[in-house]
Protein chains: 2
Amino acid sequence: MNPKSKTTAITGDPSSACSIEATLDVIGDRWSLLVLRSVFRGNHQFSTLQTELGIARNLLSSRLARLVENEVLTKVEYQRRPKRYEYRLTGKGADLSQALIALMNWGDRWYASGKAPTILTHRSCDAALEQVVVCTACGTDVGPTAISSRPGPGRRT
Amino acid sequence: MNPKSKTTAITGDPSSACSIEATLDVIGDRWSLLVLRSVFRGNHQFSTLQTELGIARNLLSSRLARLVENEVLTKVEYQRRPKRYEYRLTGKGADLSQALIALMNWGDRWYASGKAPTILTHRSCDAALEQVVVCTACGTDVGPTAISSRPGPGRRT
DNA sequence: ACCAGTGGGTTTACAAAATAAACCTTCTGC
DNA sequence: GCAGAAGGTTTATTTTGTAAACCCACTGGT
């Protein structure tokens, strides 16, 4: 589009040459992930979100609109007369759980000094969860230094 | 600290009541994660990062300073006369790989239409990787709807 | 000796985004 | 017919981000 490729940054266009960038185009601002965390926790109404987060109302409004536009949330009328709306996660939104869990775990490891503020469990077992990266071939847990990166079929640069 | 708890938002203080918030206090702005992605990819110099990302130089400067201050990166003099520096991931920084992978995977699933721009592999197997959340008790892969959340020992609210 | 080029920044002027507070609208229940 | 709740929008102000210019130390070429 631009000959000198100015659009390397946050472009607002999720069809990026990098999937991290694509993701950040949707949820990579100061508030979106906090809004989503709150929705994951069960807050679905505008007022509740606003109070819990302390976000300015106009910003919350625009963030929710953007998340709805990007199909991460849906706006559902849960009452008529007076009309009341709530925001629910779509499948795509729920699929962000892995990312939120990764961010939470990092915060736990480096800022919670062994005492996590929130613990996630398997609903049926009530046991703790663990997030791992595994090799689809050998099945072993792969740490950051054993990871290699190569261009895939969607590479555009 | 503040009686009416105004500090629910992005406070710049990672010792938050929520680990997601703590994490976002460190890397939750428009650029930090993109800078880190670039460092993960092997770009360690100021100029290289600036050119690759298209970020304003003063912003890159302040982001790098903040990441160094928070011990995500270290600034290493790799040459004297003239002095040249490079930025390297610390252990804490490398530990963000899970989060970057989660964000990348989400982008792959929802914006790459089956063709990932980048593929991560197990260095020794050359096979694809998979990120999963597993139960420490039953060992099964736990999807977003089977996850339960409860307050942990570090809860402060 | 001079000058261009490289690396790693800082300063400055300007534009965009965030914040806080006030305001608006529709409806209910008293 | 008034207060209060829900879900916003408008407005003024402050904070951030952006782009371009500039600075400094040094090297290698002429």
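Small disclaimer: the values here were computed from a predicted structure and weren't measured. A note on names: the letters A, B, ... follow the listed sequences, proteins ahead of strands, and every chain is numbered from 1.
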Given atom [atom1] of [X] and atom [atom2] of [N], what is their separation to the nearest angstrom?
{"X": "B:Glu86", "N": "C:dG9", "atom1": "CD", "atom2": "P", "answer": "12 Å"}
{"X": "B:Ile55", "N": "D:dG17", "atom1": "CD1", "atom2": "P", "answer": "9 Å"}
{"X": "A:Phe46", "N": "C:dT26", "atom1": "CZ", "atom2": "C1'", "answer": "16 Å"}
{"X": "A:Glu77", "N": "C:dT26", "atom1": "CD", "atom2": "P", "answer": "15 Å"}
{"X": "A:Gln79", "N": "C:dG29", "atom1": "CD", "atom2": "C1'", "answer": "13 Å"}
{"X": "B:Leu60", "N": "D:dT16", "atom1": "CG", "atom2": "P", "answer": "18 Å"}
{"X": "B:Gln50", "N": "D:dA19", "atom1": "CD", "atom2": "C1'", "answer": "10 Å"}
{"X": "A:His44", "N": "D:dA6", "atom1": "NE2", "atom2": "C1'", "answer": "16 Å"}

Q | Closest-nucleotide 5' rank along DNA chain C - winner of A:Ser62 and B:Leu64 | A | B:Leu64

(Q) Using a 4.5 Å cut-off between side-chain heavy atoms of Ile, Leu, Val, Met, Phe, Trp and Tyr, which other residues end up in the same hydrophobic cluster as A:Val134? (A) A:Val132, B:Val132, B:Val134

Ignoring hydrogens and angles, state whether a donor on the side chain of [X] or [Y] is under 3.5 Å from an acceptor on the partner side chain.
{"X": "A:Ser38", "Y": "A:Asn43", "answer": "yes"}
{"X": "A:Ser61", "Y": "A:Asn58", "answer": "no"}
{"X": "A:Glu71", "Y": "A:Thr90", "answer": "no"}

Q.
Please encode protein proximity along nucleotides 22-30 of chain D as a string of B, S and -, counting only heavy-atom distances under 4.0 Å.
A. ----SS---

Q. Thinking salt bridges, do A:Glu86 and A:Arg88 make one under a 4.0 Å N-O criterion?
A. yes

**Q.** B:Ser47 side-chain proximity, nearest of D:dG7, C:dG8, C:dT11
**A.** C:dG8

Q) To the side chain of B:Tyr87, which of C:dA17, C:dG9, C:dT19 is closest? A) C:dG9

For [N], does either OP1 or OP2 sit under 4.0 Å from a side-chain N or O belonging to [X]?
{"X": "B:Trp31", "N": "D:dT18", "answer": "yes"}
{"X": "A:Tyr78", "N": "D:dG7", "answer": "yes"}
{"X": "B:Lys75", "N": "C:dG9", "answer": "yes"}
{"X": "A:Arg63", "N": "C:dA17", "answer": "no"}
{"X": "A:Gln45", "N": "D:dG7", "answer": "yes"}
{"X": "B:Ser61", "N": "C:dG8", "answer": "no"}

(Q) Could you check whether B:Lys75 makes a cation-pi contact with B:Tyr87, meaning its NZ or CZ is under 6.0 Å from the centre of the six-membered ring and within 45° of the ring axis? (A) no

Q: Provide the closest heavy-atom pair for B:Arg123 versus A:Ile147 in the form atom of the first, atom of the second, distance.
A: NH2-O, 3.2 Å

(Q) Could you report the tightest heavy-atom contact between A:His44 and A:Val39, atom names first, then the distance? (A) CE1-O, 3.7 Å

Q. To 10°, what angle do the rotation axes through the five end pairs on each side of the helix from C:dA1-D:dT30 to C:dC30-D:dG1 form?
A. 0°

Q | Side chains of B:Thr23 and A:Asp108 in contact at under 4.5 Å (non-hydrogen atoms) | A | no

Q.
Quick one, B:Thr118 with A:Ile20, criterion side chain to side chain contact (heavy atoms under 4.5 Å, CB included). Give me CA distance, side-chain angles, the key distance, then yes/no.
A. CA-CA 10 Å; B:Thr118 303; A:Ile20 293 177; over 6 Å; no

